[in-house]
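Working notes, beginning with the structure itself.
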Amino acid sequence: MRPTLHQRALAAAAQRAAADGVRVRRTVEARDGVRAVVDGQVLMDFCSNDYLGLGQHIEVIAALQEAAAIHGVGATGSHVVSGHHALHRELEDELAAWSGYPRALLFGSGYLANLAVIQGFLGEGDACVQDKLNHACLIDGARLAGADLRRYPHADADAALRQLQARPAGAAMLATDGVFSMDGDLAPLRQLALVALSQHATLYVDDAHGAGVLGPFGRGSAAHLGLGPREVPLQLVTFGKAFGGYGAAVLGSAALIEHLAQAARPALFTTALPPAQAAATLAALRLVQREGWRRAKLHGLIARFRRGARQLGLPLLESDTPIQPLLLGGNARALALADALREQGLWLTAIRPPTVPEGRARLRITLSAAHAEVDVDRLLDALADGLRLVDAALPAEAAPVAPAAAAPGEVAVADAPPADAPPVAAATA
Ligand SMILES: *Cc1c(COP(=O)(O)O)cnc(C)c1O
């Protein structure tokens, strides 16, 4: 007899509980920059993606309020029916001017944009070559497109080259995170651009975590490495991270962007972003360009954190971005440290499989220009104390996982089920 969905849900819940894999949604009741009231407790936030502290900037809020007062709270339709607003056009034009790309196209979210880009350009018989640590929505995009998805070991441009050489027929896209969302390191974009060029493949960089944070005027990872539209023909920027809001845009040539606007299903069959949200992003974009001190302050805090962490011998990964993962290994260890820190008033989230490979659970520490130096020092003290406590309580797992113990590329992420795939046990129950 076929399993009911109820049985499947119960079996999956039991599996998650047994593996310390249950996700908790904590409720933010109030927020003031990096301070938040979370489930009744005042915490300092070290897990948000609001890297520049723009989410509550008075100019951004005022832009949203004013536009909502005049234009309402919704777009009333998709871009191709009734929803395309002058504020959307203004934002697309300013994004193009800022980035140096001929055109920008707005999407409801980065997730939707990645589905659009890959499904819009690739189909059966085409190759989509991706870094193993790419964000889940790049993987989902390739699956949805029905393309031949190949994943190379993390940051291994030579392996990407071999995978493209092995598939000479059909169109090809080489897709990578610019800054890796759970590790914080930069993709080797210069090498990847050469590989793509030599193989007639299009390099697509998802710069959700680089945009606003890296490069001149916050233009992102590619600009930081001296690359532009010629080397990286397609790019994604998202507004839910350093821009402090919500939404995304794909940057590219007029022909590529027009193709997406005409043909990509997530560009056609969904309601446009609220115009007021576009107004907020416009205000944030202007601050990203004008207030370079936010980036300077953020990078100063990153350097301070890494210096302190090195002195304390904390197991950090190599990263010069606001994403500073503390590698802990097992799920129980990561959860215990997050609990210990919460008792000290600090909010960090344990990141576990399948978001990261098995045995590489971590605390994903994120820094923001809204933090102060004393906040970073407090975090370092709390991490040192917390690790001592956890190692005393969980001696079996006490040995820290050396970053080199498992090269990320060798971990079979590709074989792990996606977060919401039906668990095998339930499927056969
Ligand atoms: C967050 C993220 C996305 C998704 O963007 P949303 O706007 O949150 O949907 C895509 N790619 C990467 C690398 C991300 O970190």
Side-chain angles (χ1 to χ4, degrees), residues 48-57 59-68 70-99 101 103-120 135-138 140-141 177-179 181 204-213 218-220 234-252 257 260-261 264-289:
S48 108
N49 294 321
D50 186 8
Y51 302 127
L52 297 179
L54 295 179
Q56 290 187 306
H57 194 287
E59 288 179 26
V60 178
I61 294 170
L64 184 127
Q65 286 177 329
E66 198 177 315
I70 298 169
H71 304 294
V73 297
T76 82
S78 68
H79 283 281
V80 288
V81 179
S82 63
H84 192 59
H85 195 277
L87 285 163
H88 294 136
R89 195 179 57 199
E90 194 180 346
L91 176 56
E92 288 180 344
D93 289 348
E94 283 205 26
L95 284 166
W98 162 68
S99 64
Y101 280 75
R103 259 192 82 184
L105 187 69
L106 293 179
F107 285 91
S109 72
Y111 202 122
L112 279 178
N114 275 341
L115 299 189
V117 167
I118 303 181
Q119 174 257 330
H135 194 267
C137 56
L138 284 167
D140 294 353
D177 285 17
V179 171
S181 56
Y204 174 46
V205 174
D206 171 347
D207 211 24
H209 296 279
V213 170
R219 287 186 194 120
L234 275 171
Q235 249 201 75
L236 172 71
V237 295
T238 65
F239 309 135
K241 279 128 192 178
F243 287 74
Y246 192 69
V250 177
L251 310 168
I257 294 299
L260 290 177
R265 295 169 71 83
L268 298 172
F269 301 118
T270 190
T271 304
L273 273 177
Q277 190 61 56
T281 303
L282 265 168
L285 175 60
R286 288 165 191 167
L287 288 162
V288 160
Q289 296 172 83

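- Summarising the geometry of Gly72 relative to Ala276, their closest heavy-atom pair is O-CB, 4.3 Å, with the distance given to 0.1 Å.
- Across all their heavy atoms, Gly245 and Gln277 have their closest contact at CA-NE2, 3.9 Å.
- Side-chain atoms of Asp93 do not come within 3.5 Å of backbone N or O of Ala97 as any donor-acceptor pair.
- By the 4.5 Å heavy-atom criterion applied to side chains, Leu54 and Phe243 are not counted as neighbours.
- Interatomic distance, Leu52 CG to Leu287 CG, rounded to the nearest 0.5 Å: 9.5 Å.
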Tell me, with the steps shown, if Leu138 and Asp177 meet side chain to side chain contact (heavy atoms under 4.5 Å, CB included). CA-CA 9 Å; Leu138 284 167; Asp177 285 17; 3.4 Å; yes
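- Across every non-hydrogen atom of Gly212 and Ala242, the tightest pair is CA-CB, 4.2 Å.
- A donor-acceptor pair is defined here as one N or O able to donate and one able to accept, closer than 3.5 Å; such a pair exists between the side chain of Ser82 and the backbone of Thr76.
- Applying the side chain to side chain donor-acceptor pair (under 3.5 Å) test to every pair with at least one member in residues 236-251, sequence neighbours left out, gives no pairs at all.
- A donor-acceptor distance shorter than 3.5 angstrom exists from the side chain of Arg219 to the backbone of Trp98, with no hydrogens or angles considered.
- The salt bridge (charged side-chain N to carboxylate O under 4.0 Å, His left out) search around Glu90 returns Arg286, not counting sequence neighbours.
- Of all the heavy atoms in Ala75 and Thr271, the pair that sits closest is CB-CG2, 4.4 Å.
- The minimum heavy-atom distance linking Leu236 with Ala248 is given by the pair CD1-CB, 4.0 Å.
- A heavy-atom distance below 4.5 Å is not found between the side chains of Leu87 and Leu91.
- Looking at Tyr101 and Val237, their side chains never come closer than 4.5 Å, going by heavy atoms from C-beta outward.
- Between the side chain of Thr270 and the backbone N or O of Pro266, no donor-acceptor pair lies under 3.5 Å.
- In this structure, His88 and His84 have parallel ring planes: the angle between them is below the 30° cut-off, well short of the 60° mark.
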Would you list the atom pairs, donor with acceptor, under 3.5 Å between side chains in residues 104-119 and any protein atom, with sequence neighbours excluded?
unit_1	atom_1	unit_2	atom_2	d
Ser109	OG	Tyr111	N	3.4
Ser109	OG	Leu112	N	3.2
Tyr111	OH	Asp140	OD2	2.3
Asn114	OD1	Tyr204	OH	2.6
Asn114	ND2	Asp206	OD2	3.0
Gln119	OE1	Arg265	N	3.4

